Protein chains: 4
Amino acid sequence: MSDLTWRSTPFDDDKLREECGIFGVVGVAEAANFTALGLHALQHRGQEAGGIVVHDAEHGFNSVRRFGYVRDNFTSQDVMDMLPGTVGIGHVRYSTAGSKGATAIRDVQPFFGEFAMGGAAIAHNGNITNADALRRELIERGSIFQSSSDSECIIHLMARSLQRNIPERMKDALRRVEGAFSVIAMTRTKLIGVRDPLGVRPLVLGRVGEGWALSSETCALDIIGAEFVREIEPGEMVVITSESGVTSYRPFEQKRPRFCIFEHVYFSRPDSILGGRSVYSTREAIGRELAKEAPVEADLVCPVPDSGTPAAIGFSLESGIPYAMGIIRNQYMGRTFIEPTESIRNMGVRLKLNVNRALIRGKRVILVDDSVVRGTTSRKIKEMILDAGAKEVHFRIASPPTAWPCFYGVDTPQREKLLAASMSEEEMRRHLGVDSLRFISLDGLYRAVGEAKGRDPNAPQYCDACFSGEYPVEPADQLEKGFRLKAAE
Amino acid sequence: MSDLTWRSTPFDDDKLREECGIFGVVGVAEAANFTALGLHALQHRGQEAGGIVVHDAEHGFNSVRRFGYVRDNFTSQDVMDMLPGTVGIGHVRYSTAGSKGATAIRDVQPFFGEFAMGGAAIAHNGNITNADALRRELIERGSIFQSSSDSECIIHLMARSLQRNIPERMKDALRRVEGAFSVIAMTRTKLIGVRDPLGVRPLVLGRVGEGWALSSETCALDIIGAEFVREIEPGEMVVITSESGVTSYRPFEQKRPRFCIFEHVYFSRPDSILGGRSVYSTREAIGRELAKEAPVEADLVCPVPDSGTPAAIGFSLESGIPYAMGIIRNQYMGRTFIEPTESIRNMGVRLKLNVNRALIRGKRVILVDDSVVRGTTSRKIKEMILDAGAKEVHFRIASPPTAWPCFYGVDTPQREKLLAASMSEEEMRRHLGVDSLRFISLDGLYRAVGEAKGRDPNAPQYCDACFSGEYPVEPADQLEKGFRLKAAE
Amino acid sequence: MSDLTWRSTPFDDDKLREECGIFGVVGVAEAANFTALGLHALQHRGQEAGGIVVHDAEHGFNSVRRFGYVRDNFTSQDVMDMLPGTVGIGHVRYSTAGSKGATAIRDVQPFFGEFAMGGAAIAHNGNITNADALRRELIERGSIFQSSSDSECIIHLMARSLQRNIPERMKDALRRVEGAFSVIAMTRTKLIGVRDPLGVRPLVLGRVGEGWALSSETCALDIIGAEFVREIEPGEMVVITSESGVTSYRPFEQKRPRFCIFEHVYFSRPDSILGGRSVYSTREAIGRELAKEAPVEADLVCPVPDSGTPAAIGFSLESGIPYAMGIIRNQYMGRTFIEPTESIRNMGVRLKLNVNRALIRGKRVILVDDSVVRGTTSRKIKEMILDAGAKEVHFRIASPPTAWPCFYGVDTPQREKLLAASMSEEEMRRHLGVDSLRFISLDGLYRAVGEAKGRDPNAPQYCDACFSGEYPVEPADQLEKGFRLKAAE
Amino acid sequence: MSDLTWRSTPFDDDKLREECGIFGVVGVAEAANFTALGLHALQHRGQEAGGIVVHDAEHGFNSVRRFGYVRDNFTSQDVMDMLPGTVGIGHVRYSTAGSKGATAIRDVQPFFGEFAMGGAAIAHNGNITNADALRRELIERGSIFQSSSDSECIIHLMARSLQRNIPERMKDALRRVEGAFSVIAMTRTKLIGVRDPLGVRPLVLGRVGEGWALSSETCALDIIGAEFVREIEPGEMVVITSESGVTSYRPFEQKRPRFCIFEHVYFSRPDSILGGRSVYSTREAIGRELAKEAPVEADLVCPVPDSGTPAAIGFSLESGIPYAMGIIRNQYMGRTFIEPTESIRNMGVRLKLNVNRALIRGKRVILVDDSVVRGTTSRKIKEMILDAGAKEVHFRIASPPTAWPCFYGVDTPQREKLLAASMSEEEMRRHLGVDSLRFISLDGLYRAVGEAKGRDPNAPQYCDACFSGEYPVEPADQLEKGFRLKAAE
């Protein structure tokens, strides 16, 4: 069932897409304003819709959920007046694969449930890998789901817990769920944060005045002037109130962490801090590593804007080949055109990117991109570059071949749509029609993110399932739907 | 919790307001189009919001719920394309007293729930008098409510039923609810209609081509060209499929019917048929009865537009005093101004009504209105009439004094706001400042609706609680909140 | 050239339509608020668009022009804040025949022009019959037109006048224009009103506190609490300031007045006063006259809502046959559905009207309507009445057969579309398929509007060109386009 | 007079802003689609509003003008269906200083006028310096202005010309206007382009299939796949039809060209071609020149995004100091928040920019920006950088001090608001609170744009009035309003 209210035509479907950003704050005067700002800073993690829930002693729980950008929905006095409170959480999202084309506002988080002892709202980033089974069981027992989102399972499990307070109910619920997820929840007075035992998805803690904030990334702490305190640890649950501060719990059995390596490559914002280093610097290091692994003679190093920029700079610094902006991005593009004409839809990537013709003509160009998914955009960019008169085109990719779908909260095409699932590097080069194509090695990537010895094949330090096909959490629902693991191939 | 999206300033808050109209259809090609037309014809029963749910084998359940008029939301190809199916139900509503000023789209019916064996949507008109207690019990057992609407209880009771099919689950659920309600529900293939044991709220059955329709009133059958078959009986539940037609059940203990007499006075549309007679004719008969009971010498009989019109015509026909339109309604008024300026808000009733000054000057005028609730509008109309130079003003009211609130799905002010709760007829006359004021007697009203001997005080044939204070179903939730029955005064 | 911004599907195109209502006020604190209220009361004269211009010493001239109802566009604080001033004029309009389907906001009045000595805004109701020729001449001399509206000619003629002040320039301009028009104009401090020499279109003067108002009808004076002073006389121009009050001029050669008789029949609101009598009373008198001229035995007299109502009451009072509402109007209809689906468009009149089936069944019914234009709606209504089981259907029409188009500011179909242009009364009866059809005679209509001796064929007291084909002002532009006068047939 | 419909709060008012981009096309199947794409590529030249006019033999002239981005207004099938034709022109704009806060849709170009022999639409970029005087004269003679825009003068002058065809009328009109402007106009079949005698504003010609395009910049030719033919020359007027191709005229007395040097610095898009070289390369050259003129020891060269990027890259390449993105731009910012809350408004630049804290900490940072206008943003950026722990901050500016307002179509603050108008470089350094501040010299800038010997003080090759105070066209209207030239100081 769906309340269709918004249709769009995305022009950049050739990327993996983080599906969510989450943010929460407690102990501040205007929780909604801070949450809106935090979500604005996390907009790159989800541009389709956003929601904010706040609580206030006088007005109770209030929520606004809307399609579109944070800046368009959560900045006016009108909307903010509906959201009084000193504790609040928020969420930005892409549509999940399941509800595409029939996106429903009821699928927009945070979700809210009234319990016997109050109420709670919850927002999550990631994926519960046994959500289908949990949902069936809960429905069988009489729960009614508002949405098709798997995070709603957590609310229902909490509602059925026999524990007396919400943190304990949350623990009860979390013991039933499997997967890769970070959760921010709130009660009337508490802000709660949880990371799954492997810590696949990020979650950080900040101090803002007398209050506290939780966020997917540190860039959202910066925008509200919060100080970055620490990352929430894998498997940790924190319960925060303005009176008692942060209390830490360990509701899960302990495991070795497996943080998502693709957050370093593409998802996180370059000004965020991951593992003590700026994401920008890590990406520059990836570019340097790539220049070492796959050098080539050329006149210019150009990024595919904007995500290829730091790696291109690193490649240039390492190789000594001048960095230049050979492709210019139209900054007024937006993500979509609403109901474009056929003619405009056919323009595709040209609406967004233009080649700097006078610069490129006659040059040997290295194009640095963060990843190749379907390869559709890469082909178009190559054509534009050649049309502009480039002498040679060399692709350098700041991640290994993406050959496996992600089931942990990232929107990936089905395996057969991934170029690297069925082609070798050389086949891809021919398919793209470029003079050379090289991906960074998996070891090279591990080195660039700080693992001097590269990947430990027996106990990989990161989740790299999209490259390796090794899934640290069994994708139970997917297996049931017919997905075949590498081992089964 | 509320998703605020719409604010309005009603200009006519001096009426009792039916809170809902419901409509459903099965076995037709375009269920949504028929449902939209039906709801358009029922718009007088609820102007704040509307919703439609349909089911289609290919697309599953789909729903659109919107604030505003049916004609503005449910007529465009865009919206209708989202609602494919051969079975559908719909709902129009006023806000209930509880959520006024914070109306939430999540409170807009129909509600939808997924069950183990499929899914069901439900829309209701009326009130479940033990909803608060049921809700507490359900929450205690882990149900999560989407809305503050009492009809959601039925869905949760169905979800927890151990029965194997939805009609049986519906029966299970209905046995737990008390109150005055008509329900239209649907599954993937079935249309279901239920009236409470007293039959307080209306529900009729129609035949449209090879399909069937259920509706609050017959006027909605007319608009889709359906033939009026019969009223659903008090305490009856019908289950309709396009294959098997109509099957009737009796899930409740049988009781003597108590249909809402105010449907005859005001709620129903004059072109609908109730009890085999057009509502218009009944209202004309009320006017005739009133002319017999409370004659007065005058020059003109004028209706307070538009609801007083049929009774005024009856009064004129009985009394021989010429009928005239002394007050003209601005037909471009709409129900509300969105965020009017202070100056315009102060205009009040003058925005909607104007006195036919040249006609009224120097005349003795009988004004016929359907009811007096707070008396605020009556006072303003009297002033307008006197300003225009009327010599005498006589009010004749087509219902007895409204002295008690309705707890069966009608929006009534609190008892202390009802003029008749604290004033005698003469006090009211002085308060309104008119030359005479007379209400029809309760017996007179019963005669006009066809009870030749008037009201049977031992076993009243109708629900007339708003006049008599005798509530046929105990208003349990209200008593808990402190409401005192007549016997307790 | 057009800025298309609004499309609609009118469902009632079977009426002549007054194309404009005009209103102005000077010497009041909030001119825009008063003007908005006045236009709201005149909405029946033009529902497609509206505009307001005000002037204020500090902010200069400001204007807002919008498609849609006054109540939707000119009531919010936001819009009113853009319109400060103590003098203002406004306009509501239908689209003119010329720009239908391509309605441009630039055609929405009032128009504004800056002159050497200040600026002036102008709104008009009616038609300038030599507008095409004037426009050609002005363009030839270098004027640039903003709109396709003929009232813009007046502004350009004023701009080119050599007179020193705006009232004198207005006189200069008016001497060049021919036609049937009422004009309201304003300068920074003056409110100006003009009626053409024949006084075809109405214009009245009112006193509101210390200020003055001009309006198409008195009903707009009522809503702002203004006192009706007098009608502006045919051929009169009044210039009003808050300091000097009303000064009267006679810029035209004097002629015998020919007021539009159709204002009595249909255009004006029933609560307005024309010629010292309420329009309602005149229409009731038309109904009485019709009952005398064309009696018939029947059970019920029913109006075609809403315009046939007063005449139906008069017919009932004269004939003694009971008046009843046999056809019920859906008051939530609005004028249009925006982009309706095909199925809904085909519903046509059923969306708006429903027959009171239980009342009509087996009855001989007299239907009273104000006019028959194309006859399309009349046929549908007859069908609905017969479907409902009426035994006989008799049409009685409160105006003579409409056989000629109006060229004086009324939207009439082309002559060949008018039923009465090519059919006799009996042919029309057969075409409509009713038991009898009678129109009031032209003399009967004159008697009803107060001319005891009926129409003076040598010097008709009214403009009745739509019935008689006798055009008091030569329709020069139309003749040029090929229209043939009666004499030429 | 204004039709207020749109309010915004710009967050980046510390730049000079090009006020317009213009585009036109003839001889293509879908002129409107091409024009929309062209305007989308020119959006950086004007983001407030846009308009398109097309002509088609069947439908005549049609126009749509809207506030907001091209991508939001001119891409849907609905709008494009209103704009059929094979010849079309379009315009994007900022508000001019005059109408700020009261922006009127009637000021949005293109303007349209009907003339005796047809009609013409016109769009312009630049400024007519004697527009006030021309307007007074035209009003005195009876012209009525629709807008407050100076380009409307041209239309009125054309309307009053005695010439027989529109190109000749255009020539007549142009002989009366003074200033710096590029014009694109159209008739029913012709596309016309004009540059003022000094060629201050850009205008280029392109070939697209069998048709032709005119555009402010070449980047708009790229998006529609047009081939760049040549620049329209200073003082040239081209008349283009699909049959006869391009005919060139010289309506003005010949002068030495003075192209706007700031187009190289900031206005034009980096992928456009000016003077045979990519704007990107010119800016990189400016950065190199700046590194030579004003070297400094540091750890990082960071651009102030996005306009400082090419110069920062050039500075890095020349100096050998590594280039890095120390400041990250939120790409979801948009230009404005609609009616933001007070709290959000106070965030200012932090909503748009964030410092890459982990990268900057402890570093000596060179910040490269294109210009300093008021200095407000520069101060905030400096604070952000120091807050993030930078050891030293050095500003390097890719243009000389902006000390004079531009009167040739650029939105500049009044002279007293320009930091450089009242402060020396050292005073500015102290005001901004940075370790060093250096602007490129005027000669250095001339060298970077290709004048090997720098500026010729006797006959400057460019218009550089904003730096030098030497105005190549007398700003007549401004002098009348009290502006004092350098010589008069």
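A quick note: this is a predicted structure, and the numbers were derived from the prediction, not measured. Chain letters run A, B, ... following the sequence lines, proteins first and then strands; every chain starts at 1.
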Side-chain heavy-atom pair A/Asp271, D/Ile327 within 4.5 angstrom cut-off: no

Residue A/Val355 versus chain D: region with a heavy atom under 4.5 Å: backbone

A/Asp306, part contacting chain D, at a heavy-atom distance under 4.5 Å: side chain

Nearest atoms (heavy-atom pairs only) where D/Tyr280 meets A/Tyr323: OH-O, 4.1 Å

Nearest heavy-atom neighbours spanning A/Asn356 and D/Ser278: OD1-CB, 3.3 Å

Leading residue by heavy atom contact count with chain A [cutoff under 4.5 Å; candidates D/Thr309, D/Ile313, D/Val279, D/Val79]: D/Ile313

D/Asn330 side chain to A/His40 backbone, donor-acceptor under 3.5 Å: yes

Portion of A/Ala324 that has a non-hydrogen atom of chain D nearer than 4.5 angstrom: both

Part of A/Leu359 within contact of chain D (heavy atom distance under 4.5 Å): both

For chain A, the option from D/Ile360, D/Leu353, D/Leu317, D/Ile328 that forms the most heavy-atom pairs under 4.5 Å: D/Ile328

Nearest-0.5 Å distance, CG of residue D/Leu351 to OG1 of residue A/Thr75: 9.5 Å

Distance, nearest 0.5 Å, that separates CD of D/Gln331 from CD of A/Gln47: 7.0 Å

D/Thr218 vs A/Arg357 side-chain heavy atoms within contact, under 4.5 Å: no

Heavy-atom contact with chain A under 4.5 Å, split by part of D/Ile273: side chain

Contact check, side chains of A/Arg350 and D/Leu37, non-hydrogen atoms, under 4.5 Å: no

Contact origin within D/Ile224 toward chain A - heavy atom pairs under 4.5 Å: backbone

Side chain to side chain, A/Val70 and D/Tyr332, heavy atoms closer than 4.5 Å: no

